[in-house]
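So you know, we letter chains A, B, ... as the sequences are listed, proteins then strands, and number each from 1. Not measured: the values here are computed from a predicted model.
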Protein chains: 2
Amino acid sequence: MVTMQDVARAAGVSPMTVSNVVNARPHVKPETKKRVLAAINELGYRVNAAGRSLRTGRTGTIGFAVPEVDNQYFAHLIGCVVDEAAQQGMRVAIEQTDAMRETEIEVVSTSRNRLYDGLLLSTAGLTDADTALLQVDYPIVLLGESLFDAPLDHIVMPNFDGAREATEHLIAQGSRRIAYLRRPDTELDPRREGYLEAIARVGLEPILIEVEGLDIASGARAVGAALSQGLVVDAIAAFTDNLAIGAVRGAADAGLRVPDDLRVTGFDNVPLAALSVPSLTTIAPDHSTTAHTAVTFLLERMAGSTVPPRTFTIPHTLIVRESSTR
Amino acid sequence: MVTMQDVARAAGVSPMTVSNVVNARPHVKPETKKRVLAAINELGYRVNAAGRSLRTGRTGTIGFAVPEVDNQYFAHLIGCVVDEAAQQGMRVAIEQTDAMRETEIEVVSTSRNRLYDGLLLSTAGLTDADTALLQVDYPIVLLGESLFDAPLDHIVMPNFDGAREATEHLIAQGSRRIAYLRRPDTELDPRREGYLEAIARVGLEPILIEVEGLDIASGARAVGAALSQGLVVDAIAAFTDNLAIGAVRGAADAGLRVPDDLRVTGFDNVPLAALSVPSLTTIAPDHSTTAHTAVTFLLERMAGSTVPPRTFTIPHTLIVRESSTR
DNA sequence: CTGAAAGCGCTAACAG
DNA sequence: CTGTTAGCGCTTTCAG
């Protein structure tokens with residue numbers, strides 16, 4: 001391995017000068033700089049990130065822990081975060097937690113994290129009881145659900161309002177038997193609360209269908225099973241776009257067509273939502289604003305900011321497409 | 001920051017003993033070990049990855065460079081690779097290259113890579129002329145297209161055979177005006193060659209539709225435009241599932257229904273393929289075998305293997321679904 | 001079974 | 001503008 005020492009020797013300067021050149025610091029005579037660069041090229045020198053990190057205490061990498069990479073919503077968000085971070089000169093390492101509390105805790109607390117200058121944590125499994133675990137000596141920004149309050153910056157989805165608006169839209173379209181396709185495993189779901197509020201406001205009967213997982217197949221199975229068991233509904237508000245797309249498939253399996261027999265709405269506005277057949281009515285959070293705000297908050301903390309923890313609610317719009325209109 | 005020194009002092013042992021405990025090495029008296037673990041817990045000690053890396057020369061992280069994270073196919077493959085690597089005790093950092101040659105070169109050659117013990121490179125922009133750039137002092141395994149031959153392990157897609165089989169399937173279904181939805185920017189496309197072979201074998205006329213990008217929207221636009229300009233086809237073999245799903249959308253925009261008016265096949269078998277409406281006939285490469293083989297090859301190289309470069313062709317099957325059958 | 005010494009590659013602080 | 005010194009936290013080596 002070629003070290004700074006080697007380059008310094010070859011160029012007839014000190015390692016410090018090589019360091020100055022490599023880090024583009026001012027006050028290096030052009031002539032010297034040229035000699036150093038030539039030596040770097042000739043020897044094929046690359047700075048050793050471990051040495052630099054050990055010295056500076058920074059790695060230039062932020063971690064991004066997501067429940068699942070293979071999920072339209074997170075895949076898209078990862079793309080946005082990677083772009084945003086790259087603009088600010090940071091790399092992003094992805095950690096997959098499988099939405100499991102243990103894995104999330106492991107990501108936060110094990111040595112792994114020392115490879116990161118900060119962590120974006122899209123948590124799905126942690127609860128109020130775990131907030132103490134989030135008190136670590138590097139910055140964390142929480143992303144996604146707003147299920148508990150740790151003293152950390154927090155980017156939250158417009159869960160309650162978004163789900164309420166989607167449900168109101170279905171009501172306005174004329175649906176009266178509106179089911180909510182609910183996530184499993186948690187009693188705390190602001191989107192369900194939003195749905196329930198809209199339903200209660202006009203005196204309709206709430207109908208809940210529970211899925212096993214958050215993938216498309218789970219949505220298809222749950223809706224297919226419910227319909228074939230004789231459940232009568234004329235609309236479904238799904239917890240996510242993925243589930244909504246699965247619901248369309250499940251309806252097809254039960255011989256129902258969307259939107260003719262059944263209106264469907266999603267949540268997330270993943271890229272596919274605009275392009276599936278039928279295209280999907282959904283709540284669209286602004287993904288790039290999300291990524292931008294999350295990365296900015298984190299970098300500010302990494303730079304030492306001590307302003308009180310902030311909560312940023314992602315702006316959203318209802319996008320009406322084919323799946324809910326006739 | 002708590003260091004090994006601190007722990008050693010607190011436990012009344014030497015740093016070396018702490019190291020031995022942390023790394024689960026044998027020959028530490030149980031009693032000593034208990035004392036050390038207690039101190040670690042009390043002080044909240046975490047090993048510093050930079051220090052360890054600097055000393056050992058390894059980081060425990062492999063890089064995975066993909067053209068695009070926000071792409072069904074790669075998102076799914078990333079999930080498989082992360083799982084596979086985790087089983088082997090490795091972390092995965094994702095690099096996004098946007099399929100650009102410059103970015104791919106940057107990933108390979110800049111200092112960034114020193115953070116990785118090895119690199120999985122799913123290349124899309126490099127050509128024969130660039131193979132010299134891939135001669136670096138850490139292992140690289142190439143993934144995906146087989147457009148050039150570098151002296152490296154290479155996992156290749158069953159491009160030619162897969163596309164030929166998909167096209168033959170469309171012919172067997174009765175289609176006679178079969179278009180190939182081709183990727184942009186490259187003259188080298190083994191999938192197109194497979195399509196052309198199948199077409200030529202039965203004396204049909206080849207029809208090529210070119211897309212601008214590889215996302216769903218591009219497929220929709222290209223097919224929608226071609227059909228509305230009067231192109232008459234009764235089947236489309238698409239370069240990828242993404243494009244196929246877009247093609248279904250584009251056909252709908254032009255008033256055609258799949259499979260009634262138009263048969264469609266894809267390539268990749270992304271999770272959505274089974275769950276879209278209509279479900280998508282496609283070539284299914286074995287993703288988990290892909291991930292397993294890629295990670296295994298890379299770890300073998302990292303362990304010092306010097307066997308000649310290997311080429312592994314991913315096994316595949318044709319999965320017939322609704323989009324191509326009436 | 002445990003410890004002492006040395007050094008991995010880099011850069012902060014200061015001196016010249 | 002350039003060099004010297006020192007040390008970041010860890011583990012390898014070898015001695016006890």
A:Phe297 meets the ring pair (Phe, Tyr, Trp, His ring centres under 6.0 Å) criterion, sequence neighbours left out, with none

Distance check needed: D:dG9 P versus A:Arg52 CZ, whole Å only.
18 Å

Indicate, with a heavy-atom threshold strictly under 4.0 Å, whether B:Thr32 touches base, sugar-phosphate, or nothing.
sugar-phosphate

Got a sec: does the CD of B:Gln135 have more than 12 other heavy atoms crowding it under 6.0 Å?
yes

Calculate the interatomic distance between B:Asn20 atom CG and D:dG9 atom P; express it in whole Å.
20 Å

Please find the pair of heavy atoms, one from A:Val69 and one from B:Ala75, that lie closest to each other, and give the distance.
CG1-O, 3.8 Å

With heavy atoms under 4.0 Å as the rule, sort A:Arg25 into base, sugar-phosphate or nothing.
sugar-phosphate

What is the distance, to the nearest angstrom, from the CZ atom on B:Arg55 to the C1' atom on D:dT11?
5 Å

Between atom CZ in A:Arg35 and atom P in D:dT2, what is the gap in whole Å?
8 Å

Atom CG of B:Leu214 and atom CG of B:Asn71: how far apart are they, to the nearest 0.5 Å?
7.5 Å

For the atom pair OG1 (A:Thr61) and CG (A:Asp117), what is the distance rounded to the nearest 0.5 Å?
7.0 Å

Taking every heavy atom of B:Met157 against every heavy atom of B:Pro285, the minimum-distance pair comes out as CE-CG, 3.8 Å

Could you state the interatomic distance from CZ (A:Arg301) to CG (A:Leu119), rounded to the nearest 0.5 Å?
14.5 Å

Heavy-atom pair with the smallest gap, counting every atom of B:Gln96 and B:Pro67
CG-O, 3.6 Å

D:dT11 phosphate, OP1 or OP2: any side-chain N/O from B:Ser19 under 4.0 angstrom?
yes

Between B:Thr17 and B:Gly51, the residue closer to the 5' end of DNA chain C by nearest nucleotide is B:Thr17

For a 4.0 angstrom threshold against heavy atoms of chain A, report the outermost contacting nucleotides of DNA chain C in 5' to 3' order.
C:dG9 to C:dA13

Salt bridge present between B:Glu300 and B:Arg310 (N-O < 4.0 angstrom)
yes

Give each protein N/O atom lying under 3.5 Å from an N/O atom of nucleotides 13-15 of chain D, with the pair distance.
none

